[in-house]
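Right, one structure below, let's go through it.
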Amino acid sequence: MTFAPKILNWYHEHQRDLPWRQTRDPYKVWLSEIILQQTRVAQGMPYYLRFVEAFPTVHDLANAPEEQVLKLWQGLGYYSRARNLHATAKTVVEDFDGKFPDTYKGLKSLKGVGDYTASAIASFCFDAPEPVVDGNVYRVLSRYFGIDIPINSTEGIKYFKELAREVMDSENIRDYNQGIMEFGAIQCAPKKPYCLLCPLQESCVALQENKVDQLPINLNKTKIRNRYFNYLVLLDDDGNTILEQRTGKGIWQNLYQFPLIESERMLQAKELRPLINENNTVPETESLSLYNNEPVVHKLSHQHLHTQFWILKTSDILKEGTPWEEIGGFPVPVLIADFIKTLKI
DNA sequence: AATACGGGGAT
DNA sequence: ATCCCAGTATT
């Protein structure tokens, strides 16, 4: 028995009962796939359930304000997924009469839908013979066939896609694609795979050559940038504060935060003072005090954010301010949400 | 061809 | 600490 039948047999024995596997509704499958990009099933599951509850159809999602979509997405990360999710829902409703494209090419044209996701939706919903290649598939194929081409090189991406196409089962593409990913997630895991009771052990090249723990090859040298954030938490006598929406290019686009002063290093109060006065959105303050003596270090994949929260009390009334009780309704980064939880006013 | 883009869980 | 997760878009 060759590769694909063994994967299918294993899948029929070991598959998890996941809600997006009980439907061929392209909307729900698409929603699950966007949520699961670079995200573990356990982390994405509650978000999927909340999104389906809040937006049962693509029309409901398209008609929602972006802020509500971002709020539901809060904590999941990679927020461009949420913005593209919303934009694509509008596209599907306005340009495609509420119906998702049913081909790889049509799906791939949607914002936030790349090679993997287009293949996944096309095969899961429409039985299109398109192989999925995600992190699980890279691992399974590189080990079973003993391929040491880096999976994140241009050559590797092309090579593994072609290999995946050669070994797939076109007649059972839905279960096969689900199966190889599930096999990678459960059986052929990154650390400590269960090779001793693996149905592919007799023909797995990596196992024969004792290279299981060296595959796949991933040339991933991300360098971390240190940044220094000073958040200005304004409080007036009426219990209002100031939140601003992030715009522009970098992290957390369209999410909210307190007024931010970024610096080249950690600052003392006397160094921060003049910088605050340059910032004309902030009124005269009666008191400035550092909330956290030790900077909070918030770690992103490419940045470490060394953060100080400064409490600024003012006797002015913050006209454009937000009542503190209402800030929970805004989509904010986890760094901000964690701080809000700790501060009692 | 590289890099940016989050957050959390497992080891 | 390090790895990596049902990747995509941009430079």
Side-chain angles (χ1 to χ4, degrees), chain A residues 11 15-16 18-21 29-48 70 73-85 87-88 107-121 123-124 130-140 150-158 160-161 164 174 176-186 188-193 213-214 216-225 227 246 248-255 297-305 331-338:
Chain A
Y11 181 60
Q15 64 174 292
R16 289 169 292 181
L18 303 174
W20 47 85
R21 287 186 178 154
V29 171
W30 162 74
L31 179 58
S32 73
E33 292 302 337
I34 302 298
I35 287 174
L36 292 172
Q37 287 168 8
Q38 291 292 284
T39 304
R40 290 169 201 282
V41 166
Q43 188 189 2
M45 178 76 77
Y47 286 84
Y48 173 80
L70 285 172
W73 200 272
Q74 182 179 309
L76 201 51
Y78 286 168
Y79 296 92
S80 66
R81 290 184 292 167
R83 298 190 300 272
N84 288 334
L85 185 84
T88 286
L107 290 160
K108 181 91 158 44
S109 74
L110 302 172
K111 274 188 182 178
V113 177
D115 190 336
Y116 162 77
T117 304
S119 302
I121 302 172
S123 61
F124 298 163
E130 297 289 340
V132 292
V133 183
D134 73 335
N136 295 304
V137 175
Y138 280 123
R139 186 166 53 254
V140 172
I151 61 173
N152 55 344
S153 65
T154 302
E155 183 194 5
I157 292 167
K158 187 173 176 203
F160 280 99
K161 178 83 178 184
R174 176 181 157 99
Y176 170 79
N177 273 345
Q178 296 269 8
I180 189 171
M181 289 193 288
E182 189 83 333
F183 183 81
I186 308 266
C188 193
K191 311 276 172 71
K192 302 203 177 180
D213 60 349
Q214 299 165 40
I217 305 287
N218 195 339
L219 301 177
N220 206 359
K221 299 294 169 255
T222 62
K223 23 188 184 299
I224 304 294
R225 178 163 68 115
R227 303 176 69 181
R246 288 184 68 95
K249 279 276 149 192
I251 57 174
W252 302 333
Q253 266 179 58
N254 295 7
L255 273 64
V297 183
H298 189 74
K299 294 178 179 177
L300 308 180
S301 40
H302 289 72
Q303 307 179 20
H304 286 0
L305 308 177
V332 298
V334 165
L335 173 62
I336 301 296
D338 285 349

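What you are looking at is a predicted structure, and each value in this text was computed from that prediction instead of being measured. Residue numbering restarts at 1 for every chain, and letters A, B, ... go by the order of the sequence lines.
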What is the distance, rounded to the nearest whole Å, between atom [atom1] of [X] and atom [atom2] of [N]?
X	N	atom1	atom2	value
A/Leu300	C/dC4	CG	C1'	16 Å
A/Asp134	C/dT8	CG	P	10 Å
A/Arg246	B/dA4	CZ	C1'	13 Å
A/Arg139	B/dA10	CZ	P	15 Å
A/Tyr116	C/dA6	OH	P	9 Å
A/Gln37	C/dC5	CD	P	14 Å
A/Arg83	C/dT10	CZ	C1'	13 Å
A/Ile35	C/dA6	CD1	P	14 Å

Upstream residue (5' side of DNA chain B) when A/Lys192 and A/Asn152 are each assigned their closest nucleotide: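 The 5'-side residue here is A/Asn152.
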So, under a plain 3.5 Å distance rule, would you say the side chain of [X] forms a donor-acceptor pair with the base of [N]?
X	N	result
A/Arg21	C/dA6	yes
A/Thr117	C/dG7	no
A/Arg40	C/dC4	yes

Would you classify [X] as touching base, sugar-phosphate or nothing, given that sugar-phosphate means primed atoms plus P, OP1 and OP2, and contacts are heavy atoms under 4.0 Å?
X	result
A/Val113	sugar-phosphate
A/Trp30	nothing
A/Asp115	sugar-phosphate
A/Leu18	base
A/Val41	sugar-phosphate
A/Ser80	nothing
A/Gly44	nothing

Pairwise 5' ranking along DNA chain C for A/Asn136 and A/Lys249, keeping only the more 5' one: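 Counting from the 5' end, the first nearest nucleotide belongs to A/Asn136.
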5' precedence on DNA chain C between A/Pro190 and A/Lys111 (nearest-nucleotide basis):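 The answer here is A/Pro190.
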Can you tell me if [X] touches the phosphate of [N], counting only side-chain N or O atoms and a distance under 4.0 Å to OP1 or OP2?
X	N	answer
A/Tyr79	B/dG7	yes
A/His302	B/dA4	yes
A/Gln38	C/dC5	no
A/Lys108	C/dT8	no
A/Lys191	C/dT2	no
A/Trp252	B/dA4	no
A/Gln303	B/dA4	no

Quantified in whole Å, what is the [atom1] atom distance between nucleotide [N] and nucleotide [M]?
N	M	atom1	value
B/dT3	C/dA6	C1'	22 Å
B/dG8	C/dA9	C1'	23 Å
C/dT11	B/dG6	P	15 Å

Worked check of side chain to side chain donor-acceptor pair (under 3.5 Å) between A/Arg81 and A/Gln37: CA-CA 9 Å; A/Arg81 290 184 292 167; A/Gln37 287 168 8; 5.0 Å; no
Selection from B/dT11, B/dC5, C/dA6 that lies nearest to any side-chain heavy atom of A/Tyr78: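 Within the option list, the nearest is B/dC5.
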Nearest to side-chain heavy atoms of A/Leu36, which nucleotide of C/dA6, B/dG7, B/dC5: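 Of the candidates, C/dA6 comes closest.
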Nearest-0.5 Å distance that lies between atom CD1 in A/Ile121 and atom CD1 in A/Ile34: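 If I round to the nearest 0.5 Å, the distance is 6.5 Å.
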More than 12 heavy atoms from other groups under 6.0 Å of NZ on A/Lys111: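 Not buried by this count: 12 neighbours or fewer within 6.0 Å.
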Pairwise side-chain contact, A/Lys161 with A/Ser119, heavy-atom cut-off 4.5 Å (strictly under):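 Yes, close enough: below the 4.5 Å cut-off.
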Side chain to side chain contact (heavy atoms under 4.5 Å, CB included) between A/Glu130 and A/Tyr116, intermediate numbers included: CA-CA 9 Å; A/Glu130 297 289 340; A/Tyr116 162 77; over 6 Å; no
Trace of the side chain to side chain contact (heavy atoms under 4.5 Å, CB included) decision for A/Leu305 with A/Ile251: CA-CA 11 Å; A/Leu305 308 177; A/Ile251 57 174; 4.1 Å; yes
Intermediate values then yes/no, side chain to side chain contact (heavy atoms under 4.5 Å, CB included), A/Ile180 and A/Asn136: CA-CA 7 Å; A/Ile180 189 171; A/Asn136 295 304; over 6 Å; no
